[in-house]
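Per chain, numbering begins at 1; letters A, B, ... match sequence-line order. Every value quoted in this text rests on a predicted model; they were computed, and no experiment measured them.
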Amino acid sequence: MRLSKSLVPTLREDPADAEAISHKLMLRAGLVRQLAAGIYVWLPLGQRVLDRINAIIREEMNAIGGQEMTMPVLHPAEIWRDSGRWDAIGPEMFRLKDRNDRDMCLAMTHEEVIAWLAAREIRSYRDLPQIWYQIQTKERDEARPRSGVLRTREFVMKDSYTLDPDVAALDRSYAAHEAAYRKIFDRCGLTYRVVQSDTGMMGGLGAHEFMAPSAAGEDEIAICGGCGYAANVELARGVPEAPVFPSWTREEVATPNARTIAEVAAFLKIDPRLTIKSLLFVAPKAGRVLVLVRGDHNLHERKLARALGEEARPGHPEEVLQHLNAPVGSVGPVGARVPILADEALREGTYVVGANREGFHLRGVVPGRDFQARFVDLHAVAAGEACGHCGKALEVERVIEIGNIFKLGTKYSEGLNAKYLDESGQERPIVMGSYGIGPARIAATAIEQGADADGIVWPASIAPFDVHIVLVSLRDQAQIAAAESIYAACRAAGLQALLDDRDERPGVKFKDADLLGVPVRVTVGNALAKEGVVEVKERRAPRREQRVAPGAVVEAIRALAR
RNA sequence: CGGGGCGUAGCGCAGCCCGGUAGCGCACCGGACUGGGGGUCCGGUGGUCGCAGGUUCAAAUCCUGUCGCCCCGACCA
């Protein structure tokens, strides 16, 4: 590709709207442009990166027997009603009506279509297993699109779906996907971990996520250096260190104007770990619940939802006053006339809690003796807590979710009547799995993990080009001739080549070359006239460089790649 | 949905508090010089100041409403 004739709109300055490194660089390097919140145009260079990522995905999916297909983006409501998700999903689904006033929606994902198709085409155990996949656009009206292409409302996703006769076969399909995913992310040059993840409110038989460490990530995982335990913090259990409990006798103490844990602890001159945080939640079915975590801990609302079996919302201050007869800052479990859910860290010990009386707390409260509660894991795991398996300290790391694998089970096959006849002629539901990868997230993650102060540093496997040829001066006929011959030679050798043949000053060209991050740069400049050589230099530190005759460039590039 | 911030030329920003000719840098166009890390000089093009109302002799500036975008949180089956 010739830069002089291409749309590669590089930006000298950071765009005002971008925060994440990958977001800034994808805009500056001319990979993408934003059309609206969470909706992006992929420009030619960005498209090339996506194409290479998708090619890798296709190879590895085909290698485990995956069959690619194309599915509709526009769906009838009917199949979503059959699975129960038409009503279960809220405003995140784009909904519309056709000219005959029929309910339609835009595809957020394709379990329903797969199950619909399986219901029609799969009859016998002889038809199983199957792996079907697609690389297609999905639409989700995200509450908050953010971080460039990391979280968008319209995005391309590789989704595959497995159809198996039973759970044992599902386990094999699942393992095949995990192995394929490792190959895909390895080939894309990413650093990542595989962690246990939440199966969510919709159930499922198990799930893992592929998580790439990055400051731009939206998720956190807990990892153990000792035994290798790794899980999303939505799920991760840590054992916090217990404080030394004083031998308090139970008594009411005045705590004027002390409402927050920090204020109460400071006023009583005690460790915040000796206090209990009491939060009123309201759930649709369970009703009001008082939720307790240790003073220094934060409630993880996802864990609460799992414990309750439904989503709960924090109670309003008026509700707290009405049901507990105390303002928010003085609420506690003793004498509370609502069910109590307490974090496991509170099983042992003696604590300070709100007295349900404004301006007072109770000191010396013993869970189990002074109030009854159901104990479950509720607190968000923090770095330094002990691993539940081996006792070593856990680390907490910010990550980007680049892929997930999920054992669905029979939820969708039952809803959409996808059944088969087994060897004994018995009708049974197909057991499904679903497996996603976000190609745009792979691109953004590669930038997050590889970029330096000068710009993008692409992994060679997914770079938009293999070689970036900088023709320094258009006024030197010898340079032009050499650059053209190198460009032709690279292409003949099967290398994707970008030729910077713009009439720009050298500094501009070098800056742009660094910004674009193509793995190898070939500079055709002064050294040609002086010494008859061009420079072949790698983008990634330590930026090794070779000076070779124009005819030896392809060989030199190959040598650098080794 | 809650909290915060921002909409002024293609991009990055100043001007707004205190109403009175719409500015700067980069980019772009023409010219000259220059030519290995975003070069210099000269001359230009380009803006209904997000939109709609209102106040005023006069609104980018004050008031009301509205739309859009970003960040934090909630949400992400």
Side-chain angles (χ1 to χ4, degrees), chain A residues 9-20 23-24 27-28 30 33-39 80 83-93 108-109 111-112 138-148 150-153 155 157 197-204 207 209 216 218-219 232 234 281 298-302 304-306 309-314 316 401 404 406 408-409 411-412 415 434 436 438 453-455 470-476 479 500 502-515 521 523-530 534-535 537 543 545 547:
Chain A
T10 57
L11 268 26
R12 181 191 296 248
E13 294 173 277
D14 277 341
D17 284 347
E19 191 87 359
H23 191 193
K24 288 179 186 170
L27 289 166
R28 285 192 56 206
R33 285 295 183 262
Q34 181 175 334
L35 175 64
I39 305 179
W80 291 81
S83 71
R85 291 163 114 186
W86 181 262
D87 294 319
I89 295 173
E92 206 177 336
M93 181 150 71
M108 306 175 59
T109 177
E111 279 85 3
E112 278 78 3
K138 314 234 170 183
E139 313 281 345
R140 294 184 191 175
D141 197 357
E142 287 287 347
R144 181 150 96 83
R146 67 186 104 178
S147 305
L150 283 175
R151 188 168 210 74
T152 54
R153 297 195 291 172
F155 54 97
M157 194 161 165
S197 70
D198 189 11
T199 52
M201 289 290 102
M202 307 302 269
E209 289 166 328
E218 302 180 79
D219 287 299
N232 193 308
E234 293 173 359
F281 273 79
N298 289 315
L299 172 69
H300 199 295
E301 291 197 28
R302 194 113 192 115
L304 174 63
R306 204 158 41 236
E310 59 182 336
E311 297 286 344
R313 64 166 175 82
H316 305 303
E401 181 188 344
N404 61 66
F406 196 104
L408 289 173
K411 175 185 168 59
Y412 298 96
S434 80
D454 294 317
V470 174
L471 168 51
V472 173
S473 175
L474 288 178
R475 297 177 315 173
D476 181 339
Q479 283 185 29
D500 189 350
R502 296 174 300 171
D503 187 11
E504 287 287 352
R505 297 183 58 90
V508 173
K509 296 189 171 197
F510 292 133
K511 287 288 186 189
D512 273 348
D514 286 345
L515 179 61
R521 185 178 92 201
T523 306
V524 183
N526 288 339
L528 185 70
K530 288 182 193 154
V534 299
E535 295 137 38
K537 186 175 187 178
R543 308 197 75 157
E545 181 177 311
R547 297 158 72 81

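Under the salt bridge (charged side-chain N to carboxylate O under 4.0 Å, His left out) criterion, E139(A) pairs with no residue at all, not counting sequence neighbours. With sequence neighbours left out, the salt bridge (charged side-chain N to carboxylate O under 4.0 Å, His left out) criterion links E209(A) to no other residue. Residues forming a salt bridge (charged side-chain N to carboxylate O under 4.0 Å, His left out) with R502(A) (at least two apart in sequence, or on another chain): D500(A), D512(A). By the salt bridge (charged side-chain N to carboxylate O under 4.0 Å, His left out) test, E401(A) is found to be paired with no residue, residues two or more places apart in sequence or in another chain being considered. Here Q479(A) pairs with D476(A) under the side chain to side chain donor-acceptor pair (under 3.5 Å) rule; sequence neighbours left out.
Within the nucleic acid shown, E301(A) comes within 4.0 Å of sugar-phosphate atoms alone, with no base atom in reach, counting heavy atoms only. Using a 4.0 Å heavy-atom cutoff across all strands shown, S434(A) reaches no nucleic acid atom at all. If you check every strand for non-hydrogen atoms under 4.0 Å, A18(A) touches nothing. Nucleic acid contact for D503(A): base, since at least one base atom lies under 4.0 Å from a heavy atom of the residue. Counting any heavy atom pair closer than 4.0 Å across all strands shown, R28(A) reaches a base atom.
The nucleotide G73(B) finds its pairing partner in C1(B), both defining distances of the Watson-Crick or G-U wobble pair being shorter than 3.5 Å. Base pairing of G30(B): its partner is C42(B), meeting the Watson-Crick or G-U wobble criterion (both donor-acceptor distances under 3.5 Å). Judged by Watson-Crick or G-U wobble contacts below 3.5 Å, the nucleotide G47(B) has no partner. C6(B): Watson-Crick or G-U partner is G68(B), with both key distances under 3.5 Å. Searching all strands for a Watson-Crick or G-U wobble partner of U55(B) with both distances below 3.5 Å returns nothing. Both distances falling under 3.5 Å, in either a Watson-Crick or a G-U wobble arrangement, occur for no nucleotide opposite C18(B). C11(B): Watson-Crick or G-U partner is G25(B), with both key distances under 3.5 Å. The partner of U61(B) is absent, by the rule that a Watson-Crick or G-U pair needs both atom distances under 3.5 Å.
Atom CZ in R475(A) sits about 11 Å away from atom C1' in C33(B), given to the nearest Å. Atom CZ of R505(A) is separated from atom P of C41(B) by 13 Å (rounded to the nearest Å). The CD atom of E13(A) sits 15 Å away from the P atom of G10(B) (whole-angstrom rounding). Straight-line distance from the CZ atom of R144(A) to the P atom of G73(B): 6 Å, rounded to whole Å. Between R12(A) atom CZ and G39(B) atom C1' there is a gap of 10 Å when expressed in whole angstrom units. Between the NZ atom of K511(A) and the P atom of G35(B) there is a distance of 20 Å, given to the nearest Å. Between the P atom of G38(B) and the CG atom of D514(A) lies a distance of 12 Å, rounded to the nearest Å. We find that CD of E142(A) is positioned 16 Å from C1' of C70(B), with the value rounded to whole Å.
A heavy-atom distance below 4.5 Å is found between the side chains of E142(A) and E92(A). Counting only heavy atoms from C-beta outward, the side chains of L515(A) and R28(A) approach each other to under 4.5 Å.
Between the P atoms of A9(B) and C49(B), the separation comes to 10 Å (whole Å). Separation of the C1' atoms belonging to G38(B) and G25(B) is 13 Å when rounded to the nearest angstrom. Taking atom P in both C26(B) and U40(B), one finds a spacing of 7 Å when rounded to whole Å. Between A52(B) and G68(B), the distance separating the two C1' atoms is 15 Å to the nearest Å. Rounded to whole Å, the C1' atom of U61(B) lies 30 Å from the corresponding atom of G2(B). Taking atom P in both C42(B) and G47(B), the straight-line distance is 24 Å, to the nearest Å.
Summary of the strand contacts: T10(A) and E234(A) both lie near RNA chain B, and taking for each the nucleotide with the nearest heavy atom, the more 5' one is attributed to T10(A). Toward the 5′ end of RNA chain B lies the nearest nucleotide of D14(A), the other residue of the pair L515(A) and D14(A) mapping further downstream.
Between Q479(A) and G36(B) there is no side-chain N or O to OP1 or OP2 distance below 4.0 Å. Distances shown here put every side-chain N or O of R146(A) at or beyond 4.0 Å from the OP1 or OP2 atom of C70(B).
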For nucleotides 4-9 of chain B, list the nitrogen or oxygen atoms of the protein found under 3.5 Å from its nitrogen or oxygen atoms, one pair per line.
none

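Among R543(A), R521(A), R547(A), the one residue that satisfies the salt bridge (charged side-chain N to carboxylate O under 4.0 Å, His left out) test with E535(A) is R547(A).
Taking a cutoff of 4.0 Å between a charged side-chain nitrogen and a carboxylate oxygen, E218(A) and R146(A) qualify as a salt bridge.
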